[in-house]
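Shown next, in structure tokens, is the structure this report addresses.
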Number of protein chains: 2
Amino acid sequence: MTISIMANTDILLRFGERVRELRKKRGWTQEAFADYCGLDRTYVGGIERGERNVALRNIEVIAATLEISISQLTKSL
Amino acid sequence: MTISIMANTDILLRFGERVRELRKKRGWTQEAFADYCGLDRTYVGGIERGERNVALRNIEVIAATLEISISQLTKSL
DNA sequence: ATGTGACTTGAAGTCCGTC
DNA sequence: AGACGGACTTCAAGTCACA
């Protein structure tokens, strides 16, 4: 029995899916979102695909851009 | 007026203080905690001093070792 | 509008030690 | 028990051209 649909998959994939979900909910493209974050478009793409082991400072930037706390951003992980 | 005592200070410092607080609450030394995490003792020391921009995989390891979720670990940040 | 490979540079992370 | 330094290796950060 699973707690969440994202349980038991890699943390980077789960984080990426979460970011993508929240970004899309706001109707933003990857490119626009990357601009808001002050990050490169391809870097954000890599995060959403679970290829980047994002560090705390960028996690903070992403949460701030989504206007939620880091705790909320990592809620379902 | 401040929301939290740790607001407006660097995210790395806040994270480090949070880790230190939770580690001490469990009565663990830095070295023992580092061993449990499978990380280097000097690295964990650096994290607690706010000198390390910890990435997601290690945040997950730290949370798991403390037996809490990442969301709980980053609750007060 | 996004995925991907290749790349450089700076920081993550380890291992030795001293105070 | 923990801060801190030097030297080292691995990896995250950040960018680009092209599909």
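In what follows, chains are A, B, ... by sequence order, proteins preceding strands, each numbered from 1.
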Heavy-atom nearest nucleotide on DNA chain D for B:E48 versus A:L12: which residue maps closer to 5'? B:E48

Please list, pair by pair, any protein nitrogen or oxygen found under 3.5 Å from a nitrogen or oxygen in nucleotides 6-9 of chain D.
none

Atom-to-atom span, CG of A:D40 to C1' of C:dG10 - whole angstrom: 17 Å

For A:L77, is there any backbone N or O sitting under 3.5 Å from a side-chain donor or acceptor partner on A:T74? no

Select base, sugar-phosphate, or nothing to describe what B:N53 touches, counting heavy atoms under 4.0 Å on all strands. sugar-phosphate

Whether B:W28 and B:F33 hold their rings parallel, tilted or perpendicular, with breakpoints at 30° and 60°: parallel

Counting side-chain heavy atoms from C-beta on, which of D:dG2, C:dA1, C:dG3 comes nearest to A:E31? C:dA1

Return the nearest nucleotide to the side chain of A:R41; candidates are C:dG3, D:dA13, D:dA1. C:dG3

Provide, to the nearest angstrom, the distance between the CZ atom belonging to B:R20 and the P atom belonging to D:dG2. 8 Å

Please compare A:A32 and B:V54 by the position of their nearest nucleotide in DNA chain C and report the one closer to 5'. A:A32

Measure distances between side-chain N and O atoms of B:R52 and base N and O atoms of C:dA11, and say whether any donor-acceptor pair falls under 3.5 Å. no

Salt bridge or not for B:E67 and B:R26, using N-O below 4.0 Å? no

Gap between atoms CD1 and P, on A:I59 and C:dA12 respectively (whole Å): 12 Å

Any base atoms under 4.0 Å from B:R23, or only sugar-phosphate, or nothing? Heavy atoms, all strands. sugar-phosphate

Separation of C:dG10 atom P from A:N58 atom CG, nearest Å, is 16 Å

For B:F33 and D:dA3, what is the distance between atoms CZ and C1' respectively, to the nearest whole Å? 18 Å

Nearest-nucleotide pick for A:A55, side chain only, options being C:dA1, C:dT14, D:dA13: D:dA13

Are A:I62 and A:I47 close enough that some pair of their side-chain heavy atoms sits under 4.5 Å apart? yes

Does A:S69 reach the main-chain N or O of A:Q72 with its side chain, forming a donor-acceptor pair under 3.5 Å? yes

I need the CG-P distance between A:L39 and D:dA12, as an integer number of Å. 16 Å

Nearest whole Å is fine: how far is D:dA12 C1' from B:R57 CZ? 12 Å

According to a strict under-4.0 Å criterion, is A:Y43 in side-chain N/O contact with OP1 or OP2 of D:dA13? yes

Out of D:dG2, C:dA6, C:dG3, which nucleotide sits closest to the side chain of A:R49? C:dG3

Is any side-chain heavy atom of A:E31 less than 4.5 Å from a side-chain heavy atom of A:R41? yes

Protein-nucleotide distance (A:L56, atom CG; C:dA11, atom P), rounded to Å: 16 Å

Please determine if B:E60 and A:R14 form a salt bridge, counting it only when a charged side-chain N lies under 4.0 Å from a carboxylate O. yes

Test side chain to side chain donor-acceptor pair (under 3.5 Å) applied to A:E48 and A:R18, A:Q30, A:K24, the passing residue: A:Q30

B:E51 has its side chain closest, among D:dT15, D:dG2, D:dC4, to D:dC4

